[in-house]
Amino acid sequence: MPGRGRCPDCGSTELVEDSHYSQSQLVCSDCGCVITEGVLTTTFSDEGNLREVTYSRSTGENEQVSRSQQRGLRRVRDLCRVLQLPPTFEDTAVAYYQQAYRHSGIRAARLQKKEVLVGCCVLITCRQHNWPLTMGAICTLLYADLDVFSSTYMQIVKLLGLDVPSLCLAELVKTYCSSFKLFQASPSVPAKYVEDKEKMLSRTMQLVELANETWLVTGRHPLPIITAATFLAWQSLQPADRLSCSLARFCKLANVDLPYPASSRLQELLAVLLRMAEQLAWLRVLRLDKRSVVKHIGDLLQHRQSLVRSAFRDGTAESPKRICPVPPVSTVTGDENISDSEIEQYLRTPQEVRDFQRAQAARQAATSVPNPP
Amino acid sequence: MASAPWPERVPRLLARRLPSYPPPPPTVGLPSMEQEETYLELYLDQCSAQDGLAPPRSPLFSPVAPYDMYILNASNPDTAFNSNPEVKETSGDFSSVDLSFLPDEVTQENKDQPVISKHETEENSESQSPQSRLPSPSEQDVGLGLNSSSLSNSHSQLHPGDTDSVQPPPEKPNSDSLSLASITPMTPMTPISECCGIVPQLQNIVSTVNLACKLDLKKIALQAKNAEYNPKRFAAVIMRIREPRTTALIFSSGKMVCTGAKSEEQSRLAARKYARVVQKLGFPARFLDFKIQNMVGSCDVRFPIRLEGLVLTHQQFSSYEPELFPGLIYRMVKPRIVLLIFVSGKVVLTGAKERSEIYEAFENIYPILKGFKKA
């Protein structure tokens with residue numbers, strides 16, 4: 001075939017493309033010399049005709065797992081191991097990460113976002129198995145900002161079309177309460193502060209349920225409420241010795257961080273308990289306040305259903321028939337005449353313009369000259 | 001029970017003390033109170049086992065048990081006295097759902113009667129006790145069934161089964177059934193009447209307009225008193241006028257964004273004033289393609305809302321993450337509006353291009369929210 005080069009041996013141009021054992025070869029028809037062996041090798045001249053294909057246009061990208069994705073998957077597995085999650089969680093989280101990676105928006109995202117995505121996948125997996133992992137915990141582990149985490153999380157839930165259940169409060173109570181270091185005496189925890197784990201757990205659970213019924217939980221971060229409930233439960237189990245201990249000191253003893261809203265949640269919970277105490281005649285006469293009501297928390301909790309019903313029953317009847325404040329109806333049509341004077345009030349006179357320019361120039365000069373030593 | 005310490009005796013005291021409309025019954029009621037407590041614990045334990053910490057009395061997640069108990073009562077009202085209080089309690093919860101298709105005025109009138117009955121009121125006069133109502137649900141059905149069928153399509157979305165079985169709401173005294181039928185409208189006269197006169201107020205309108213000429217932002221910032229221009233921070237002049245109180249972003253391409261107006265007409269007037277200012281500064285500004293891009297409204301439904309419940313039943317539209325944001329983000333499909341729903345009952349509606357979309361969205365959400373009103 002002409003135009004395909006010359007045979008290096010005999011110099012003839014009669015080259016034929018032939019297939020030998022299904023491999024195409026370029027053979028000189030005169031001397032039989034094999035010039036090329038099909039696709040295995042190319043001559044230098046052939047290579048000159050080849051065109052560059054970018055990696056993203058080749059099929060290689062889809063078949064291989066990119067280094068960045070590999071790194072992300074490794075991070076997911078590491079995070080699952082650090083959190084000591086059951087092994088099945090790892091596979092689910094990895095699957096979510098891979099699923100997310102198929103979207104171009106995620107592939108092209110910054111490294112910071114990919115790092116946070118690792119946390120999101122683990123969080124979604126935990127939520128779906130009712131494992132009580134808070135976003136704050138993940139952000140601490142990943143050294144990530146809650147804002148960045150929040151936006152990535154919302155994006156990925158929408159992108160993957162996932163149904164993520166809410167945080168399981170009961171499980172969170174169990175896990176969080178168990179982390180309080182109050183169940184054994186130690187140098188920092190005196191004997192009278194040590195408490196039985198089961199008793200504290202059950203009372204905390206009851207207090208959290210009470211808070212849930214009385215609207216203290218909806219819309220709020222769950223953790224501070226549990227902190228306040230744990231504190232109250234602990235105090236009420238031995239009020240004589242423990243009333244003197246403050247919330248901050250309690251958290252320090254128990255080696256747990258005190259979340260900022262916990263003190264206001266504590267006040268709200270005490271207010272609810274006081275309202276419930278009002279329903280019991282034998283407590284009403286005692287004229288309880290926020291400290292003394294702690295001694296009676298056990299009794300109040302035992303009958304919390306009926307007490308809550310009666311204490312908060314009036315809430316529904318209370319809503320007075322208020323006349324909805326009608327806002328002043330504006331009679332603007334949008335096509336009114338705009339007077340010149342109204343517009344001119346917003347414009348500078350030529351003199352004012354000159355003054356302003358002079359002042360600006362003076363300020364520029366002042367800022368550009370460095371301070372004299 | 002006789003040798004029980006103080007706390008055990010509390011329920012009996014409770015039975016006497018709680019103000020009830022008719023006088024509480026004599027000793028007949030007392031043993032039932034004890035049993036009521038244990039029956040209640042059983043039922044609530046069931047609920048909490050199923051729901052984790054979901055409020056056990058929410059009508060939408062209660063297990064099937066209450067219906068069974070209710071049907072049991074219907075068959076023998078006298079012997080089922082003990083279980084009645086639970087039914088009353090649970091049906092008391094359902095009452096908030098059933099009542100939602102009635103305007104507020106009617107429920108207010110009924111407050112004098114034990115409409116939202118509490119189970120402490122065991123033996124009542126015939127017109128008010130649920131037992132006596134049970135054998136004659138037909139009367140109420142006639143009065144209320146007509147209303148419910150025409151008005152509460154939202155109910156059928158939410159709980160088709162519920163409304164059927166609990167429909168004769170025991171809260172309605174017989175004497176009132178006819179008056180209810182006359183008061184409640186068969187079809188809503190205007191959409192607003194269904195929402196008890198709550199109208200969302202527009203808080204912000206964002207609009208854009210094309211001034212169709214290239215602008216010198218430095219010159220505008222120099223010659224206008226109400227302009228600020230910081231090119232390093234943002235590539236537009238920020239101009240403000242006092243009436244209507246609005247802010248405009250004016251770009252060098254001649255495009256302008258006007259924000260802060262409380263109505264469409266005000267937004268248009270404000271945009272025209274900004275265009276006039278630019279004109280007076282010597283640019284051949286025109287007023288092309290004025291378009292409202294976004295409208296934000298807000299209102300208050302005046303009752304607290306169980307957001308956890310709402311996210312469970314409408315999870316494909318709702319997003320509620322208390323760790324991130326205290327409100328529930330509801331993305332309504334028709335009309336395409338995003339609502340921020342807060343536990344206090346305040347609702348913010350945004351993403352509308354027309355005022356009617358905001359009103360329509362609120363009318364769609366109000367019955368849903370009413371279903372989550374908790375006593």
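In what follows, every chain begins at residue 1, and chains take the letters A, B, ... in the order their sequences are listed.
For a residue to count as touching a neighbouring chain, one of its non-hydrogen atoms must lie under 4.5 Å from one of that chain's; by this rule A:Ser150 touches chain B with backbone and side chain alike. Contact annotation for A:Tyr153: only side-chain heavy atoms (C-beta onward) come within less than 4.5 Å of a heavy atom of chain B. Proximity to chain B involves both the backbone and the side chain of A:Gln345, based on heavy atoms less than 4.5 angstrom apart. The part of A:Phe356 that comes within reach of chain B is its side chain, from C-beta onward, which places non-hydrogen atoms under 4.5 angstrom from that chain. If you measure heavy-atom distances from A:Arg354 to chain B, you find no contacts under 4.5 Å at all. Interface remark: A:Asp147 contributes no atoms to any contact with chain B (heavy atom separation under 4.5 Å). Contacts of A:Leu223 with chain B are absent, with no heavy-atom separation under 4.5 Å from either backbone or side chain.
Contact detail for A:Leu300 and A:Val293: the closest heavy-atom pair is CD1-CG2, 3.9 Å.
For the residue pair B:Gln203 and B:Ser298, a side-chain donor N or O sits within less than 3.5 Å of a side-chain acceptor on the partner.
Counting heavy-atom pairs closer than 4.5 Å to chain A, the top-ranked of the candidates B:Arg242, B:Glu264, B:Met239 is B:Arg242. Per-residue heavy-atom pair counts under 4.5 Å with chain B were compared for A:Arg220, A:Met154, A:Glu336, and the maximum is reached by A:Glu336. Between chain B and the residues A:Glu342, A:Glu352, A:Gln360, the most heavy-atom pairs under 4.5 angstrom are made by A:Glu342. With respect to chain B, the highest number of heavy-atom pairs below 4.5 Å among A:Arg348, A:Gln357, A:Glu344 belongs to A:Arg348. The candidate from A:Thr134, A:Ile343, A:Val353 with the greatest count of non-hydrogen atom pairs under 4.5 Å with chain B is A:Ile343.
Within the model, atoms OG of A:Ser151 and NZ of A:Lys113 stand 6.0 Å from one another, a figure rounded to the nearest 0.5 Å.
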